[in-house]
Amino acid sequence: MHPEAFREALVDWFSTHQKDYPWRRTKDPWAILVSEMMLQQTQVATVLDRGYFTRWMERFPTPADLAAADESEVLSLWEGLGYYNRARNLQSATVVIRDEHHGRFPRELSTIETLPGIGRYTAAAVYSFAFDKPAPLVDANVARVIARLYHFDQRIDTAAGQKFLWDTAAELLDQQRPRDFNSALMELGQAICKPRAPRCKECPVADWCQSFQQDRDPATLPIKKPKRETVLVDEHAIWSHRDDGAVLLQHESGTRRKGLWKLPLRSVESVSHLPVIYRSTYGITHHRVSLTVYQSDSSEKPRKDESWVPATDLPTTPMASPFRKALDKLLSSC
DNA sequence: CACCCGTGGTA
DNA sequence: TTACCAAGGGT
């Protein structure tokens, strides 16, 4: 592989096919960091079409604005995106920027990577996109592209597999235009070198692709460890409300959905005599949860870890999606 | 290294 | 409808 012609073909393709994202119209490291955090394990369409990025940047135009905010408001603006530790980590990062970097966004790659919630990928993304400085990066798109380019038929989710991907990304990187090159490699994975039905006939770098040249099936790569088997779980919640509010429970110990609110949960024995007023199923990690909501007795009062939430606060009280949907449905049918 | 963390789109 | 997948990081 002689990377020069590969780089040229890739960046040329990108120059005419790149999509117009708001975070590509700016060099503000804060805006770019926000986009990268939101895009972790999350599709572009979700972040863009549902308005998360725009709302966030309007409310928190600078790191200092986020550092000064209440966690409840932060989580409320993140509601529906999932992986809520991202939001808390992002706020923690702004506090570090304020208290340890004089309020200025760090410009060293190693310093950016020390910020909470920012790992090797996100640090390199901010470094190359905001400052156009050279750092290789590997996300799910790049991993797929490299695995197919080199027909890497071993697992990529091992130390050896990760080393191969990052070493290769470093070799390929165009030091003269790291911003465009990294963006191009990622967009190639998103638009052309797709997981299931790659569009090899439209690929600008098919000449350099071993999977394509050797007529292998690219859809078999990359290889990862099979996911855990799905575990079925039942959740039983109660709906206890009046016109002026409802009883909610804040997620406590443990880390799942920390800081968010949900309907109070009960044992199935304690609610089996109550009328069922809502059902849904949702997935969380490797669990498949069946949620059932029961109309509580009017005598039901909040337990010590539960709170009466006024109706006017319900829309801005951060809740995970399954409970937000339940609450919306129950409020509308009252 | 293994496992955990959410959600919505897509085939 | 189920299963896979996504601009990963922390523990």
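Chain A is the first sequence line, chain B the second, and so forth, proteins listed ahead of strands; every chain is numbered from 1. Every heavy atom of this structure was used, including side-chain atoms; hydrogens, water molecules and symmetry mates were not.
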Please table the atom pairs, donor to acceptor, closer than 3.5 Å between any side-chain atom in residues 214-224 of chain A and protein atoms at least two apart or in another chain.
unit_1: A/Q214; atom_1: OE1; unit_2: A/R216; atom_2: NE; d: 3.3
unit_1: A/Q214; atom_1: OE1; unit_2: A/R216; atom_2: NH2; d: 3.4
unit_1: A/Q214; atom_1: NE2; unit_2: A/Q210; atom_2: OE1; d: 3.4
unit_1: A/R216; atom_1: NH1; unit_2: A/H151; atom_2: NE2; d: 3.0
unit_1: A/D217; atom_1: OD1; unit_2: A/A219; atom_2: N; d: 3.0
unit_1: A/T220; atom_1: OG1; unit_2: A/D217; atom_2: O; d: 2.8

(request) Give the rounded distance in Å between these two atoms: CZ of A/R257 and P of B/dC4. (result) 15 Å
(request) Classify the side-chain pair A/Y121/A/E36 by whether it contains a donor and acceptor separated by less than 3.5 Å. (result) yes
(request) Compare side-chain N and O positions of A/R50 against OP1 and OP2 of B/dT7 and report whether any pair is under 4.0 Å apart. (result) no
Listed pairs under 3.5 Å, donor-acceptor, residues 43-51 of chain A side chains, sequence neighbours left out:
unit_1: A/R50; atom_1: NH2; unit_2: A/Y52; atom_2: OH; d: 3.2

(message) Can you identify which nucleotide, out of B/dC5, B/dT7, B/dC3, has its nearest atom closest to the A/R256 side chain?
(response) B/dC5
(request) Give A/A197 one of three labels, base, sugar-phosphate or nothing, depending on what nucleic acid heavy atoms sit under 4.0 Å from its own. (result) nothing
(message) With clusters defined by side-chain heavy atoms of hydrophobic residues (ILVMFWY) lying less than 4.5 Å apart, directly or transitively, does A/L260 cluster with A/F323?
(response) no
(request) Using a 4.0 Å heavy-atom cut-off, write out nucleotides 4-11 of chain C from 5' to 3' as B (base contacted by protein), S (sugar-phosphate only) or - (no contact). (result) BBBBBSS-
(message) Any residue in residues 279-294 of chain A with a heavy atom nearer than 4.0 angstrom to DNA chain B? Just list them by number, or reply none.
(response) A/G283, A/I284, A/T285, A/H286
(message) For residues A/I238 and A/L314: do they belong to one hydrophobic cluster (side chain heavy atoms under 4.5 Å, members Ile, Leu, Val, Met, Phe, Trp, Tyr)?
(response) no
(request) Would you mind telling me which residue lines up with the more 5' stretch of DNA chain B, A/R228 or A/K194, judged by nearest nucleotide? (result) A/R228
(message) Using whole Å, what does the distance between atom P of nucleotide B/dG8 and atom CG of A/L48 come to?
(response) 17 Å
(message) Taking the cut-offs as 6.0 angstrom to the six-membered ring centre and 45 degrees off its axis, would you call A/R242 and A/W308 a cation-pi pair?
(response) yes
(message) If the threshold is 4.0 Å, N to carboxylate O, is there a salt bridge linking A/R120 and A/E113?
(response) no
(message) I need the minimum non-hydrogen distance between A/H241 and A/G245, along with the two atoms involved.
(response) CB-O, 3.1 Å
(request) Using side chain to side chain contact (heavy atoms under 4.5 Å, CB included) as the criterion, point out the one residue from A/L188, A/D12, A/T16 that pairs with A/P204. (result) A/L188
(request) Name all pairs fulfilling the ring-ring contact (aromatic ring centres under 6.0 Å, His included) condition that reach into residues 263-285 of chain A, sequence neighbours left out, sorted by first residue then second. (result) none
(request) Could you tell me the separation between the CG atom of A/L75 and the P atom of B/dC5, rounded to a whole number of Å? (result) 16 Å
(message) Roughly how many Å apart are B/dC3 and C/dA7, using the C1' atom of each and rounding to a whole number?
(response) 22 Å
(message) Roughly how many Å apart are B/dG6 and C/dT11, using the P atom of each and rounding to a whole number?
(response) 14 Å
(message) With a 4.5 Å cut-off on side-chain heavy-atom distances among I, L, V, M, F, W and Y, is there a chain of contacts connecting A/L10 to A/Y150?
(response) yes
(request) Give me the residues of residues 151-176 of chain A where at least one heavy atom lies under 4.0 Å from an atom of DNA chain B, by number, or none. (result) A/T158, A/A159
